[in-house]
Colleague: 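The structure follows.
Any value given below was found using the heavy atoms of this structure, including those in side chains, with hydrogens, waters and symmetry copies removed.
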Amino acid sequence: MAEIHVNGQIESADCFPSSSLFVRWSLQLNGGWTLVRGSSSGQTQTDVGGVLRKAYFAHPISLHLGTRTVQGWPRIALEVWHHDTYGRQELYGYGSLFVPSSPGEHELICNIWRPKGTIREEMLQRFIGGGLQVSHPSILTDSRERAKLQTVAMGSVQLRLSIVTRHLDRFGIIC
């Protein structure tokens with residue numbers, strides 16, 4: 001069985017319209033991948049941020065993945081949320097990235113987007129809060145469905161992941 005060990009952290013979020021951000025993450029496995037050890041999801045603390053509107057989290061991620069096939073390579077899906085002045089939670093956007101396949105330390109930037117609504121929906125979101133959300137999480141990983149969406153760029157999330165691989169050469173992956 002091929003194995004990947006992932007150790008790292010969600011470091012920060014940058015370029016969002018306001019501060020008081022937190023990130024929910026989940027591991028998405030397809031094909032023959034299994035989670036041997038670690039948590040498949042988590043949530044950072046809320047960072048109020050400062051004048052530069054950069055939120056720092058340093059939220060740890062530790063995963064041990066195993067597979068007998070390289071199809072359906074694992075992804076990490078991200079949701080960035082915001083606490084408004086009334087204490088409500090508002091979804092700012094979505095993003096996802098593949099777990100790196102090469103061993104070593106990787107600095108990753110995940111661009112975050114949100115669905116774009118009609119003029120009325122955009123005005124309601126601006127003045128009342130809330131906003132559009134995807135109807136089903138599978139849209140985030142299905143590129144054909146995601147291509148049908150109109151989106152708005154929101155910001156980015158920085159991750160630092162260290163990857164250790166084992167027996168990937170048995171499946172023709174040379175790192």
Colleague: Exactly one of Val36, Thr34, Val6 should register a side chain to side chain contact (heavy atoms under 4.5 Å, CB included) with His64. Which one does?
Modeller: Val36
Colleague: Minimum heavy-atom separation for Arg75 to Ser96, with atom names?
Modeller: NH1-OG, 2.5 Å
Colleague: Nearest heavy-atom pair of Thr69 and Gly32: which atoms, and what distance?
Modeller: CG2-N, 3.5 Å
Colleague: List the atom of Cys110, the atom of Leu97, and the distance in Å for their closest heavy-atom pair.
Modeller: CB-CD2, 3.4 Å
Colleague: Which residue pairs satisfy the salt bridge (charged side-chain N to carboxylate O under 4.0 Å, His left out) criterion with at least one member in residues 60-74, sequence neighbours excluded?
Modeller: none
Colleague: Could you pull out the closest heavy-atom pair between Lys54 and Asp47, with the gap in Å?
Modeller: O-OD2, 4.3 Å
Colleague: Under a 3.5 Å threshold, yes or no: a donor from one side chain and an acceptor from the other, between Gln43 and Arg24?
Modeller: yes
Colleague: Is the closest side-chain heavy-atom distance between Asp14 and Gln158 below 4.5 Å?
Modeller: yes
Colleague: Of all heavy-atom pairs between Pro74 and Leu27, which one has the smallest distance, and what is that distance?
Modeller: CB-CD1, 4.3 Å
Colleague: To the nearest 0.5 Å, what is the distance between NE2 (His59) and CD (Glu11)?
Modeller: 13.0 Å
Colleague: Just how far is it from atom OG of Ser18 to atom CD of Glu90, taken to the nearest 0.5 Å?
Modeller: 7.5 Å
Colleague: Is there a side-chain contact between His106 and Ile163 (heavy atoms, below 4.5 Å)?
Modeller: yes
Colleague: Can you tell me how far apart SG (Cys15) and CD1 (Ile112) are? Round to the nearest 0.5 Å.
Modeller: 11.5 Å
Colleague: Are the side chain of Ser19 and the backbone of Val48 linked by a donor-acceptor contact shorter than 3.5 Å?
Modeller: yes
Colleague: Contact between Glu79 and Val23 at the side-chain level, heavy atoms closer than 4.5 Å - yes or no?
Modeller: no
Colleague: Going from CG on Asn30 to CD on Gln71, what distance comes out if it is rounded to the nearest 0.5 angstrom?
Modeller: 10.5 Å
Colleague: Measure from the ring center of Tyr92 to the ring center of Trp81 and say whether it is less than 6.0 Å.
Modeller: no
Colleague: Does the separation of the ring centres of His83 and Phe22 fall below 6.0 angstrom?
Modeller: yes
Colleague: Heavy atoms, side chains only, cut-off 4.5 Å: are Phe16 and Met154 in contact?
Modeller: yes
Colleague: Is the backbone of Ala2 close enough, under 3.5 Å, to the side chain of Thr67 for a donor and an acceptor to pair up by distance?
Modeller: no
Colleague: Answer whether the closest heavy-atom distance between the side chains of Val157 and Ile109 falls below 4.5 Å.
Modeller: no
Colleague: Starting from the C-alpha separation in whole Å, work towards a yes-or-no answer on side-chain hydrogen bond (donor to acceptor under 3.5 Å, both in side chains) for Ser62 and Asn7.
Modeller: CA-CA 4 Å; Ser62 181; Asn7 288 301; 2.8 Å; yes
Colleague: How many angstroms lie between CD in Gln28 and CZ in Phe98, if you round to the nearest 0.5 Å?
Modeller: 10.0 Å
Colleague: Are the side chain of Trp25 and the backbone of Ile76 linked by a donor-acceptor contact shorter than 3.5 Å?
Modeller: no
Colleague: Please give me the minimum heavy-atom distance between Leu35 and Leu29, naming the atom from each residue.
Modeller: N-CD1, 3.7 Å
Colleague: Output all residues satisfying salt bridge (charged side-chain N to carboxylate O under 4.0 Å, His left out) with Arg166, sequence neighbours left out; order by chain, then residue number.
Modeller: Glu3
Colleague: Are Pro100 and Leu108 side-chain neighbours, meaning at least one heavy-atom pair lies under 4.5 Å?
Modeller: yes
Colleague: Answer yes or no: is there a side-chain heavy-atom contact under 4.5 Å between Trp73 and Ile4?
Modeller: yes
Colleague: How long is the span from the CG atom in Leu21 to the CZ atom in Phe57, to the nearest 0.5 Å?
Modeller: 5.5 Å
